[in-house]
Amino acid sequence: MSTSGQPQFRYTQTPSKVLHLRNLPWECIEEELIELCKPFGKIVNTKCNVGANRNQAFVEFTDLNQAINMVTYYASSSEPAQVRGKTVYIQYSNRHEIVNNKGPGDVPGNVLLVTIEGVEAGDVSIDVIHLVFSAFGFVHKIATFEKAADHVGSCHLRISYSAHTDLNIKFQSHRSRDYTNPYLPVNPTAIEGFAQPAVGPDGKKKEPESTVLLASIENMQYAVTVDVLHTVFSAFGTVQKIAIFEKNGGTQALIQYPDVTTAAVAKDALEGHCIYDGGYCKLHLSYSRHTDLNVKAFSDKSRDYTIPESSLLAMQQAPTAWENRPPAPMYQGSEFGAGGAVPGQAPGGQVPSWDPNMQAGRPNFVSAPGTFCSQTYAPSASAYAVASHQPNVGPGGASPPGQPPYYR
DNA sequence: AGCACA
């Protein structure tokens, strides 16, 4: 009795200039509402996609008689009101004005809020989203996040306007991209899950193949530099980009090849093997979700071997912090030679150099039983001479970017 | 198929 006391039967409801429409298709847009209602009068306000199923709407006419005309028309019409072929049920709203019609999602803007329903987190990659929305124009930026899902069903997109006018993308990651800034750094903390928690205990969820490998480095007794990784992974083909980062107290790296075939060979060959003898720097490999790494061209934690050599030379002549050369000498010349093991040299002193004369150099990896140096996989096993127990991976094998070595 | 916001 605390309610208005209005009868609940539609034919006896008090008329209102606001009509309540239901059984609309959830895709219904304002224009379709207007098309349906404007023959009966002037519409001053609408609200669509109302309700849990987004299949209800309100339309407000300028005066009551227009609303009455519409209700009485369809009450006696042999043709029901329809939107997209669905019969729409129309009755007077129990309110007399549409309030607050323009929610944040209704105000047009250049940023869309997209809700992807009926999928597990990560099932729709940022690249897929990019591809879909690129059909309508250049996509500047994408930021993704997860919210508690209250819907289950197939993969549906629900799209409204965001109140944002710009997205502040700080890092490239599997969650966010800025297509207007190709030099955005890769977020070291949002790149990958540690040790592939994505693989369920049932082992059903298989990661899709990728040109980018995620390497977790276990028991990292010695420093693993970009150059070390480049040398190791170049055994299977051109390495395009490398990024090293810390994750959960461990060290991981992303290694990008130009094709999945090469990545697959490298993954199978190196999985479980150690870079150094004695079980040091054991590699665990999986496919990354990345398809293209966006890394700093030259830093102590990343390298892009695809940039033109001219750019490289410019960098050489203006050494900057990325080189991070320690004062320790020892790497001028001899260690780049085929027999370049330098006993006692600290791994940390093995610093990348871009001196072109190192091209002839070959790293001398120590082979341990069961390490990747076994002949079974390496097309360039000769490049890995067993020379010393001391990890003596030189920067050798590092060709100038743009001329990566092919060991095939 | 039965009344919105945030």
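So you know, we letter chains A, B, ... as the sequences are listed, proteins then strands, and number each from 1. Note that the structure is predicted; figures quoted are calculated from it, not measured.
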**Q** Just wondering, do A/Phe58 and B/dA4 stack (centres under 5.5 Å, planes under 30°)?
**A**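 A/Phe58 ring centre within cut-off of B/dA4 base, planes near parallel; stacks.
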**Q** Measure CG/A/Asn53 against P/B/dA4 and give the value in whole Å, please.
**A**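 After rounding, the gap between these two atoms is 13 Å.
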**Q** How many whole angstroms separate atom CG of A/Leu113 from atom P of B/dA6?
**A** 13 Å
**Q** Working to the nearest 0.5 angstrom, can you tell me the gap between A/Asn53 CG and A/Arg22 CZ?
**A**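 A/Asn53 CG to A/Arg22 CZ: 13.0 Å, rounded to 0.5 Å.
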**Q** Check every strand shown and say whether A/Glu97 touches a base, only sugar-phosphate, or nothing at a heavy-atom separation below 4.0 Å.
**A**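 Base contact.
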**Q** With salt bridge (charged side-chain N to carboxylate O under 4.0 Å, His left out) as the criterion, how do A/Asp127 and A/Arg289 come out once you've worked through the C-alpha distance, each side chain's angles and the decisive distance to 0.1 Å?
**A** CA-CA 10 Å; A/Asp127 299 299; A/Arg289 272 201 190 129; over 6 Å; no
**Q** Can you measure A/Lys47 atom NZ to B/dA4 atom P for me and round it to whole angstrom units?
**A** 11 Å
**Q** Check the distance between B/dA1's C1' and A/Asn55's CG and give it to me in whole angstrom.
**A**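 So the two atoms are 8 Å apart, to the nearest Å.
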**Q** Need to verify one output field. Residue with the more 5' nearest nucleotide on DNA chain B, A/Lys86 or A/Gly51?
**A**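 Going by which nucleotide is closer to the 5' end, it is A/Lys86.
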**Q** Would you tell me if any nitrogen or oxygen in the side chain of A/Arg95 comes within less than 4.0 Å of OP1 or OP2 on B/dA4?
**A** yes
**Q** To the nearest Å, give me how far apart CG (A/Asn94) and C1' (B/dC5) are.
**A** 14 Å
**Q** Is the backbone N or O of A/Gln252 less than 3.5 Å from a side-chain atom of A/Lys247, with the two atoms forming a donor-acceptor pair by type?
**A** no
**Q** Send over the distance from A/Asn23 CG to B/dG2 P, rounded to a whole Å.
**A** 8 Å
**Q** Whole angstrom is fine here: how far is it from CG in A/Leu21 over to P in B/dG2?
**A**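 It works out to 13 Å between those atoms.
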**Q** When you compare the side chains of A/His290 and A/Gln256, does any donor N or O come within less than 3.5 Å of an acceptor on the partner?
**A** no
**Q** Take atom CG of A/Asn45 and atom P of B/dA4, then tell me their distance rounded to the nearest Å.
**A**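 Atom-to-atom, A/Asn45 to B/dA4, this comes out as 16 Å.
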